[in-house]
Amino acid sequence: MTSRKIYRKTLLAIGLCMLCALGIIQLILNAMGANSQGVLGRVTEARAALPAIVKEPKDLVMFFGSSMTRAGFSPRQFDRDAAAVGKSVTSYNYGFGGLNPYFQDFLSRRISEEFIASDRKLKLTMIEFNPFQTTKTRWQRAQPVLDSFLTLLATDHELLEIGKNDLTRGIRLFNIKYLRGNISAEMITSFFGRGMFPPQAHQTYKDDQQTIDERRRLGQLLSAKFDEEYPNHKNAAWSSPWQGGGTIPEERSAETLAIFNDYYAVTQTDNAMKNDRLSRIRSADIEELNFEPLLVEHFINIIKNFQKISQHVEVMMLPKNSRWIHTTPAAEARLAKVVKQIELATGLKMKNHQNIDEITSDMYRDTTHLSRYRGDVAYTNYLLKAYAPLLE
């Protein structure tokens with residue numbers, strides 16, 4: 001057998017093995033539901049809604065941010081109360097958990113492109129600056145999903161630009177996008193790694209069994225009440241009819257709202273809050289705030305992307321649960337420096353809503369997120385009063 005035939009057979013065998021391996025990986029991922037819908041379902045659905053949003057006849061309002069925005073802004077409540085004072089707008093909640101400013105930058109580019117292509121502008125864009133999403137710790141924890149999320153949010157042209165500077169990574173990104181269904185090897189190994197060696201949950205403080213049982217009972221009761229009150233609701237990570245937000249108190253029964261009060265009493269215990277605080281310290285450096293310069297630069301890009309398509313842009317830090325989260329003096333100094341950097345780069349003054357009087361410590365569901373029907377309603381009302389003049 002000639003050397004050429006040996007090489008051909010060797011290459012063919014390698015190619016078949018790689019093809020089989022790729023097929024097995026795809027079967028496993030599909031069986032596990034690990035696709036773009038499962039990984040970034042809310043983002044995928046929100047992007048899919050953009051063509052309809054730009055055709056909305058009323059003036060448009062968008063709140064763009066993290067899971068704190070998702071929890072703290074009620075778009076239909078905002079529109080309802082705006083109409084009561086003579087403002088006709090349609091607002092949208094574009095808050096997404098798990099996206100640091102690096103990923104948010106790429107998402108904001110896709111939003112900007114849709115509006116520019118349709119020659120449409122937002123009347124008002126509110127952008128959340130989340131300090132603990134911008135830390136070195138948060139950036140390090142995003143590494144296992146970095147390439148997967150990037151291939152979901154970036155265009156081929158943007159991936160090519162990355163490839164020009166790093167050919168190996170560029171090839172890997174296109175491999176992930178077109179051959180792996182947007183699931184990187186790092187994401188797969190980190191998933192199974194957590195299964196084999198699960199991270200230690202912060203359960204330093206424990207509630208009594210009676211509280212735990214009542215929490216479970218009320219949670220099940222609220223799920224049943226939701227099915228009863230919304231029999232035709234289609235489950236979605238980002239609901240177009242609800243404009244990316246959730247339910248509002250005017251739609252719920254008095255009985256359901258009373259159950260929520262009882263539920264909050266057994267979920268927002270001191271022990272639960274202490275554990276959540278420890279988790280935030282570990283996962284986001286929430287009290288020391290050692291910022292990642294790259295994420296700050298990408299946040300500046302986010303503002304500039306929205307400035308292209310908005311009549312008014314407001315940037316703010318959302319309410320902070322200061323009863324439980326205590327940033328150090330050094331952290332406050334670092335935060336002030338970053339805020340100044342953002343303001344100088346964008347020409348906008350960042351609003352500080354961290355400790356406004358309208359939000360009290362009992363309006364949070366945990367140490368960072370505002371609660372449904374308490375915090376979100378109060379903060380949404382605050383935003384309308386603050387920015388109603390911009391909706392003329």
>> For a side-chain contact (heavy atoms from CB on, under 4.5 Å) check, start with the C-alpha distance between M273 and R277, then their side-chain angles and the critical distance, and finish with the verdict.
In response: CA-CA 6 Å; M273 291 294 193; R277 172 180 171 271; over 6 Å; no
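- The shortest side-chain heavy-atom distance between L289 and F132 falls under the 4.5 Å cut-off.
- For the pair L335/T327, no side-chain contact is recorded, criterion being any heavy-atom separation below 4.5 Å from C-beta on.
- Note on Y205: it does not cluster hydrophobically with W324, by side-chain heavy-atom contacts below 4.5 Å among ILVMFWY residues.
- In the model, R252 has a side-chain atom that pairs as donor or acceptor with a side-chain atom of Y373 under 3.5 Å.
- Judged purely by distance below 3.5 Å, without hydrogens or angles, the side chains of E128 and N130 pair a donor atom with an acceptor atom.
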> Should R120 and L60 be marked as a side-chain contact (heavy atoms from CB on, under 4.5 Å) after you check the CA-CA gap, both sets of side-chain angles, and the distance that decides it?
Replying inline: CA-CA 9 Å; R120 188 71 196 273; L60 299 175; 3.6 Å; yes
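- For E228, the CD atom counts as densely surrounded, since its 6.0 Å shell holds more than 12 non-hydrogen atoms of other residues, nucleotides or ligands.
- Between D366 and R280 there is no salt bridge, since no side-chain nitrogen of the basic residue lies less than 4.0 Å from a carboxylate oxygen of the acidic one.
- A donor atom on one side chain and an acceptor atom on the other are not found under 3.5 Å apart for T269 and N271.
- Once rounded to the nearest 0.5 Å, the distance linking CG of L153 with OG of S108 reads 10.0 Å.
- Every pair passing side-chain hydrogen bond (donor to acceptor under 3.5 Å, both in side chains) that includes a residue from residues 335-346 is listed here, sequence neighbours excluded: E297-Q341.
- Annotation: salt bridge (Lys or Arg N to Asp or Glu O under 4.0 Å) contacts involving residues 51-76, sequence neighbours excluded, comprise R76-E251.
- When the side chain to side chain donor-acceptor pair (under 3.5 Å) test is applied to S239, no partner is found at least two apart in sequence or on another chain.
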Quick one: side chains of residues 97-106, donor-acceptor pairs under 3.5 Å with protein atoms, not counting sequence neighbours, listed by atom name and distance.
| unit_1 | atom_1 | unit_2 | atom_2 | d |
| --- | --- | --- | --- | --- |
| N100 | OD1 | Y102 | N | 2.9 |
| N100 | OD1 | F103 | N | 3.4 |
| Q104 | NE2 | G65 | O | 3.4 |
| D105 | OD1 | R109 | NE | 3.2 |
| D105 | OD1 | N305 | ND2 | 3.0 |
| D105 | OD2 | R109 | NH2 | 3.0 |
| D105 | OD2 | H298 | ND1 | 2.7 |
| D105 | OD2 | N301 | ND2 | 3.1 |

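- Ion pairing between E114 and R47 fails under the 4.0 Å rule for side-chain N and carboxylate O.
- Between Q307 and T125, every side-chain heavy-atom pair lies at or beyond the 4.5 Å cut-off.
- Ion pairing of D270 with R323 is present here, as a side-chain N (NZ or NE/NH1/NH2) and a carboxylate O approach within less than 4.0 Å.
- Of the options I356, N355, D357, a side-chain contact (heavy atoms from CB on, under 4.5 Å) to I359 is made by I356 and by none of the others.
- Through side-chain heavy atoms spaced under 4.5 Å, either directly or across other Ile, Leu, Val, Met, Phe, Trp or Tyr residues, W242 is tied to F226, Y230.
- Side chains of N321 and T367: a donor-acceptor N/O pair is absent below 3.5 angstrom, by distance only.
- Following chains of ILVMFWY side-chain contacts shorter than 4.5 Å, one cannot reach V377 starting from I248, and the two form parts of different hydrophobic clusters.
- For the pair E292 and R138, the salt-bridge criterion is not met [side-chain N within less than 4.0 Å of a carboxylate O].
- Around the CG atom of D227, the shell of radius 6.0 Å holds more than 12 heavy atoms that belong to other residues, nucleotides or ligands.
- Between E45 and K234, no side-chain nitrogen of the basic residue sits less than 4.0 Å from a carboxylate oxygen of the acidic one, so the salt-bridge criterion is not met.
- Under the 4.5 Å side-chain contact rule for hydrophobic residues, I309 and L348 share a cluster.
- For R141 and S283, the side-chain atoms include no donor-acceptor pair closer than 3.5 Å.
- A cation-pi arrangement is not found for R334 relative to F291, the charged atom failing to lie both closer than 6.0 Å to the ring centre and inside a 45° cone about the ring normal.
- By the 4.0 Å N-to-carboxylate-O rule, E288 lies too far from K136 to be salt-bridged with it.
- Note: F64 CZ to F73 CZ = 14.0 Å, rounded to the nearest 0.5 Å.
- When the side chains of ILVMFWY residues are joined at heavy-atom separations under 4.5 Å, either directly or via intervening members, I342 and L318 end up in a single hydrophobic cluster.
- In this structure, CZ on F78 lies 12.0 Å from CG on N93, to the nearest 0.5 angstrom.
- By the 30° and 60° cut-offs, the orientation of the rings of Y92 relative to W238 is parallel.
- Looking at residues two or more places apart in sequence or on another chain, you find a side-chain contact (heavy atoms from CB on, under 4.5 Å) between R365 and A71, Q268, H369, S371.
- In this structure, the separation between CG on N175 and CZ on R169 is 13.5 Å, given to the nearest 0.5 Å.
- In this structure, I171 is not a member of the same hydrophobic cluster as L159, with clusters built from ILVMFWY side-chain heavy atoms closer than 4.5 Å.
- At a cut-off of 3.5 Å, with distance as the only test, no side-chain donor of Y387 or H312 sits close to an acceptor on the other residue.
- To the nearest 0.5 Å, atom NZ of residue K320 and atom OH of residue Y364 are 9.5 Å apart.
- Distance check: I259 CD1 to L221 CG gives 4.0 Å after rounding to the nearest 0.5 Å.
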